[in-house]
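Scope of the values below: all heavy atoms of this structure, side chains included, with no hydrogens, waters or symmetry mates. Everything quoted here is computed from the prediction, not taken from an experiment.
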Amino acid sequence: MFIAMLNGWYFFWLILSAGAITGLYFLLRNKTAFTQKAVLFGLLALGLALHFLKVYIPPYSVDEARMLRDSWFVNICGANIALFPFFFFSKNEKIKDYMFYIGVISGLIALFYPQEPIAKVDQSAEQLDIIRFYYHHWMVLAVPLLMVLFGHHKLSYKRILVAPTGLLLLMLFIMLNQIFQAELGFIPLRDSNFFDVNFKNTSYIWGPDLPDGIGKFLATFTPDFFKTVPVGEFAGQEKYWPWFWIIVPAYVLVTPMAFGLSMIFDAKSLKTDCKNLKARFSKKDKTVVN
């Protein structure tokens, strides 16, 4: 199905996304910090508004159950759409790091592998939602990237663990969203679908999308202990521990991606620290010899 998406429209959105980021950079690079921040926040605010306004367009406007479900923040990019406007004004370096690493990584993945447009049955009737999809995922990539390029935040390779840790905290936020949705009646409870990882499973909270898909790849990094029911009526049966199963994959996969991104902006710091460390060990060696 993905191969079928490799057509003119697929590359059109990629080129448009890259062009829009480049254009904004050159348009704003000589503007005041206030203007730059105002524009970037405006993009985030528009994204948050679109998240709720999508209920007026298909497929949400013609499917009440989906409208009620997807108006919540039920996936990684959706949760970021809700949180980024508030994070943008934070003075906490780790929060800004999270915005950059997870925003850039999730945005790039969504643009290069646009699962929602791929899955749409009637794309001609849902063109507005396809545009919304690309804007939202372009936004979570563009705003943090431009924030760093304009110097409003400085990355440090020493804080890269913020990326997997922040992602896991975000997934807990999504999990709470889904629990509240179920308890309030917006979506069915999982009780009768205890072993079905594909039932209301946003962002792989309840387990991987077996037998195939991205989740299957993620599951290869999950310890076997987190793949079975440990005690009780279903003890020994295969059942991925909600949320816990993704901890190891998150650190194994997201950390090197965050490190690679940090090297684009903070390679000098690593080089300096390596030189200082080498000099320190050399000094210790000379002291031992003497």
Side-chain angles (χ1 to χ4, degrees), residues 21 24-25 28 32-52 72-111 135-178 180 202-205 243 246-247 249-270 273:
I21 294 175
L24 275 174
Y25 173 75
L28 297 173
T32 64
F34 176 83
T35 300
Q36 292 171 349
K37 290 181 179 180
V39 172
L40 295 182
F41 176 74
L43 295 175
L44 294 175
L46 175 59
L48 184 57
L50 287 176
H51 176 80
F52 294 107
W72 295 56
F73 306 105
V74 295
N75 54 47
I76 292 172
C77 287
N80 283 333
I81 289 167
L83 296 173
F84 275 17
F86 303 97
F87 287 176
F88 185 74
F89 292 105
S90 173
K91 295 182 179 180
N92 187 298
E93 291 182 330
K94 292 181 179 180
I95 288 178
K96 291 293 185 66
D97 281 344
Y98 167 82
M99 280 187 69
F100 176 82
Y101 291 127
I102 300 304
V104 170
I105 291 171
S106 61
L108 284 174
I109 291 174
L111 291 175
Y135 176 80
H136 271 152
H137 293 87
W138 171 84
M139 179 198 75
V140 297
L141 160 65
V143 172
L145 178 59
L146 290 170
M147 178 181 71
V148 171
L149 288 174
F150 290 144
H152 300 312
H153 175 62
K154 182 174 174 56
L155 296 170
S156 171
Y157 76 91
K158 297 177 182 179
R159 297 193 299 265
I160 58 172
L161 288 180
V162 164
T165 304
L167 178 62
L168 289 168
L169 291 174
L170 183 78
M171 294 180 80
L172 279 178
F173 173 76
I174 296 170
M175 192 175 186
L176 286 174
N177 263 271
Q178 194 171 63
F180 278 123
T202 53
S203 300
Y204 306 128
I205 299 297
W243 186 76
I246 200 71
I247 293 177
Y251 280 99
V252 170
L253 297 173
V254 176
T255 303
M257 287 191 285
F259 178 76
L261 288 171
S262 73
M263 287 298 96
I264 299 174
F265 300 94
D266 198 38
K268 289 183 179 180
S269 295
L270 177 61
D273 289 343

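With contacts defined as side-chain heavy-atom distances shorter than 4.5 Å, the pair M171/I205 qualifies. In this structure, the side chains of L43 and L24 come closer than 4.5 Å at one or more pairs of heavy atoms. Between T165 and Y251, some side-chain heavy-atom pair lies under the 4.5 Å cut-off. Side chains of Y98 and L170 form a contact here, defined as non-hydrogen atoms less than 4.5 Å apart. Contact of the P249 side chain with the I246 side chain is registered, since non-hydrogen atoms from C-beta on lie closer than 4.5 Å.
Between P164 and T255, the shortest heavy-atom contact is CG-OG1, 3.4 Å. Taking all atoms of both residues into account, the shortest heavy-atom contact from K96 to F87 is CE-O, 3.4 Å. Nearest approach of L155 to D97, heavy atoms of both residues: CD2-OD1, 3.3 Å. Annotation for H153 and R159: closest pair CE1-NH2, 3.9 Å, computed over non-hydrogen atoms. Summarising the geometry of F84 relative to V140, their closest heavy-atom pair is CE2-O, 3.9 Å, with the distance given to 0.1 Å.
Atom NE2 in H51 sits 10.5 Å away from atom CH2 in W72 (nearest 0.5 Å). Separation of atoms CG (L48) and CE (M139) is listed at 8.0 Å; rounding is to 0.5 Å. Taking CE of M147 as the reference point, atom CG of L40 lies at 8.5 Å (rounded to 0.5 Å). Taken from CG in L28 to CZ in F150, the straight-line distance is 4.5 Å, to the nearest 0.5 Å. Remark: N80 CG to H137 NE2 distance equals 9.5 Å, nearest 0.5 Å. Atom CG of residue L83 and atom CG of residue L44 lie 11.0 Å apart, to the nearest 0.5 angstrom.
For F265 and Y157, the ring centers sit 6.0 Å or farther from each other.
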Next on the checklist: For L146 and Q36: C-alpha separation, side-chain torsions, deciding distance, then whether side chain to side chain contact (heavy atoms under 4.5 Å, CB included) applies.
Outcome noted: CA-CA 9 Å; L146 290 170; Q36 292 171 349; over 6 Å; no
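By the 30° and 60° cut-offs, the orientation of the rings of F52 relative to F73 is perpendicular.
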Just list the side-chain donor-acceptor pairs under 3.5 Å for residues 99-111, sequence neighbours left out, or say none.
residue, atom, partner, partner atom, Å
S106, OG, I102, O, 2.5
S106, OG, G103, O, 3.4

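Legend: residues meeting side chain to side chain contact (heavy atoms under 4.5 Å, CB included) with F86, ordered by chain and number and at least two apart, are absent. Residues that satisfy the salt bridge (Lys or Arg N to Asp or Glu O under 4.0 Å) test with K94, not counting sequence neighbours, are absent from this structure.
Other residues, nucleotides and ligands contribute more than 12 heavy atoms inside 6.0 Å of the CZ atom of F89.
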